[in-house]
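First listed ligand is number 1; within each ligand, the first listed atom is number 1.
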Amino acid sequence: MGTEEQGGHKTAGASNIAPATGKLGVMVVGLGAVATTFIAGVEAVRRGLAKPIGSLTQMGTIRLGKRTDNNSPLIKDFVPLADLNDLVFTGWDIFKDNVYESATHAAVLEKDLLVQLKPYLETIKPMPAVFDQYYVKRLSGVNVKKGKNKRDLAEQIRADIRAFKKTVDRVVVIWCASTEIFIRPAAVHASIEAFEKGLENDDIDIAPSQIYAYAALSEGVPFANGAPNLTVDTAAMIDLSKRNAAPICGKDFKTGQTMMKTVLAPAFKARMLGVSGWFSTNILGNRDGEVLDDPQSFKTKEESKLGSLDYIFQPELYPDLYKDLYHKIRINYYPPRGDQKEAWDNIDIFGWLGYPMQIKVNFLCRDSILAAPIALDLVLFMDLAKRTPSLRSIGIQEWLSFYLKSPQSAPGLYPEHDLFIQSMKLKNTLRHIMGVDLITHLGLEYYD
Ligand SMILES: NC(=O)c1ccc[n+]([C@@H]2O[C@H](COP(=O)([O-])OP(=O)(O)OC[C@H]3O[C@@H](n4cnc5c(N)ncnc54)[C@H](O)[C@@H]3O)[C@@H](O)[C@H]2O)c1
């Protein structure tokens with residue numbers, strides 16, 4: 001029937017989603033601060049030592065039917081997601097530290113907790129990585145694969161994935177490694193064939209992250225990207241994703257400052273308040289901060305962080321409000337702060353008759369604490385997409401934009417950055433694949 005509040009679209013039907021039975025293998029590229037906080041956190045939750053706060057898949061609910069129906073199950077009870085107890089972790093890193101050692105070095109989680117988890121964490125040892133310092137200037141490592149060319153390195157990653165696949169039922173790859181230098185899409189990214197030729201010729205525009213992505217997608221494995229690198233946002237990788245039914249999504253975990261930005265900016269726009277300036281600065285002292293201290297890696301991050309405001313404010317539609325917006329982003333490496341980043345935003349807004357006002361946001365956050373639940377949700381939802389016939393072969397999973405600073409959308413379609421539109425899109429996608437009515441929030445039927 002379709003009530004007015006609901007979209008009335010009866011859709012896909014849950015019965016054709018493959019169940020989440022068996023083990024889900026999670027292959028993490030880069031076992032640094034975010035990855036180890038993610039893995040140790042999952043283990044702590046599995047043992048009942050802590051709650052998975054910040055994770056929509058674990059704590060979120062989804063309303064079904066009318067507001068008067070009182071039917072809001074947990075998301076994990078509504079869609080078939082892998083159980084945390086079924087996650088099996090492995091990964092690659094350029095350092096040989098196991099996950100316990102790396103988590104200790106990252107110093108995000110308290111020593112007491114890590115010691116309790118040590119017997120498990122130290123069993124996860126990184127496989128040798130594909131790495132080249134040309135792409136991350138501030139790092140050099142010892143645990144690195146050798147190959148005669150980039151094609152050979154891709155084959156080695158494919159072999160790692162195939163070997164791990166034999167021990168689990170399904171696999172997802174997630175990039176939690178460092179931010180690479182800024183790379184623009186080039187001819188080598190235009191088609192799968194051009195890319196494969198580029199691998200053979202060691203094309204300079206193919207960075208390590210692209211090699212991992214190519215390997216995962218070639219193996220039919222979903223690939224999520226937590227960093228702002230040019231990785232799967234190319235024609236070649238979109239084609240490969242579709243061809244092999246291996247889902248991809250946008251990039252760069254949307255955690256602190258950008259999350260706040262994509263909440264505040266839609267509020268100003270909804271109320272037709274103008275914005276003349278938005279200055280965002282950060283201090284952070286972890287290894288990510290050190291990598292971003294290099295101008296070429298910073299440029300990659302800056303581009304990713306800059307995108308959101310332009311798309312949200314649509315200055316071409318609202319020139320009086322946003323045409324002259326000055327948007328500036330700074331990231332300052334400041335070792336004493338470690339992973340406990342501090343972000344300041346100064347926002348110059350103007351209202352009725354052009355009168356100016358200011359808003360200051362000071363977010364004292366913990367970078368990896370914010371990123372870990374996003375990594376978990378992306379892994380679980382990418383695995384769901386792979387098991388869902390209506391999603392697995394479409395390539396880009398735009399409904400996962402909710403988690404990402406740089407959402408990816410179909411060529412020619414502008415990306416949606418507004419956190420609440422993203423949240424609604426995500427939940428409606430879940431309703432859609434489960435064959436229940438979508439929710440539009442119209443709600444006139446309550447006043448009949
Ligand atoms: N924490 C957040 O809030 C947040 C938000 C958005 C994006 N990110 C991104 O997530 C990524 C990870 O952040 P982090 O704080 O864990 O950084 P980190 O420096 O602690 O960890 C990155 C790890 O990746 C490894 N690495 C680098 N290149 C590699 C390669 N080619 N193959 C395998 N391993 C490689 C490094 O040795 C390091 O251990 C960064 O790119 C960061 O920009 C983090």
Side-chain angles (χ1 to χ4, degrees), residues 27-40 54 90-99 101-109 126-145 150 153-154 156-157 160 173-181 206-213 215 224-229 231 250-260 282 284-294 297-298 300-305 331 333 338-341 343 363 365-375 378 403-406:
M27 304 189 84
V28 189
V29 192
L31 293 171
V34 172
T36 58
T37 307
F38 163 37
I39 297 170
T90 186
W92 298 269
D93 204 288
I94 65 169
F95 299 112
K96 286 192 168 156
D97 294 354
N98 64 45
V99 168
E101 291 163 335
S102 177
T104 304
H105 172 85
V108 175
L109 300 176
M127 295 179 277
V130 170
F131 180 78
D132 180 340
Q133 198 177 19
Y134 173 75
Y135 301 94
V136 184
K137 308 285 184 210
R138 296 287 156 94
L139 293 184
S140 65
V142 287
N143 196 32
V144 176
K145 291 186 195 303
K150 290 182 178 177
L153 293 170
Q156 292 182 45
I157 297 289
D160 290 344
V173 173
I174 183 164
W175 177 275
C176 291
S178 309
T179 299
E180 298 171 332
I181 60 170
I206 298 182
S209 66
Q210 297 173 35
I211 296 177
Y212 286 95
N225 185 9
N229 311 329
T231 303
K251 60 187 181 182
D252 204 5
F253 299 132
K254 178 152 90 171
T255 49
Q257 192 166 57
T258 307
M259 196 258 291
M260 296 304 294
N282 300 273
L284 81 165
N286 56 14
R287 191 180 279 151
D288 187 32
E290 191 178 349
V291 166
L292 294 175
D293 208 32
D294 168 60
S297 286
F298 172 69
T300 308
K301 190 58 118 182
E302 186 187 29
E303 289 284 320
S304 178
K305 277 176 156 269
I331 298 178
Y333 179 52
D339 200 66
Q340 298 183 30
K341 180 163 92 175
F363 191 178
C365 59
R366 292 174 189 257
D367 245 11
S368 303
I369 293 294
L370 292 169
I374 293 183
L378 279 173
Y403 294 108
L404 299 156
K405 276 198 208 49
S406 297

Once you round to the nearest 0.5 Å, how far does CG of Asn225 lie from NZ of Lys251? 7.0 Å
Report the distance from atom CD1 of Ile369 to atom CG of Leu109, rounding to the nearest 0.5 Å. 5.5 Å
For the pair Asp132 and Lys150, find out whether any cationic side-chain nitrogen is under 4.0 Å from an anionic carboxylate oxygen. no
Side-chain donor or acceptor of Asn229 paired with backbone N/O of Thr231 under 3.5 Å: no
Any donor-acceptor pair under 3.5 Å linking the side chain of Asp252 with the backbone of Lys405? no
List the atom of Asp97, the atom of Pro126, and the distance in Å for their closest heavy-atom pair. O-CD, 3.1 Å
Put together the list of close N/O pairs, under 3.5 Å, between ligand 1 and the protein, could you?
unit_1	atom_1	unit_2	atom_2	d
ligand 1	1 (N)	Asp367	O	3.3
ligand 1	3 (O)	Thr255	OG1	3.0
ligand 1	3 (O)	Asp367	O	3.2
ligand 1	3 (O)	Asp367	OD1	3.3
ligand 1	16 (O)	Ala33	N	3.1
ligand 1	16 (O)	Val34	N	2.8
ligand 1	20 (O)	Ala33	N	2.9
ligand 1	31 (N)	Val130	O	2.8
ligand 1	32 (N)	Tyr212	OH	2.9
ligand 1	37 (O)	Asp93	OD1	2.7
ligand 1	39 (O)	Asp93	OD1	3.4
ligand 1	39 (O)	Asp93	OD2	2.7
ligand 1	39 (O)	Arg287	NH1	3.4
ligand 1	41 (O)	Ala177	O	2.8
ligand 1	41 (O)	Thr179	N	3.2
ligand 1	41 (O)	Thr179	OG1	3.0
ligand 1	43 (O)	Thr179	OG1	3.0
ligand 1	43 (O)	Asp288	OD1	3.0
ligand 1	43 (O)	Asp288	OD2	3.3
ligand 1	43 (O)	Lys301	NZ	3.0

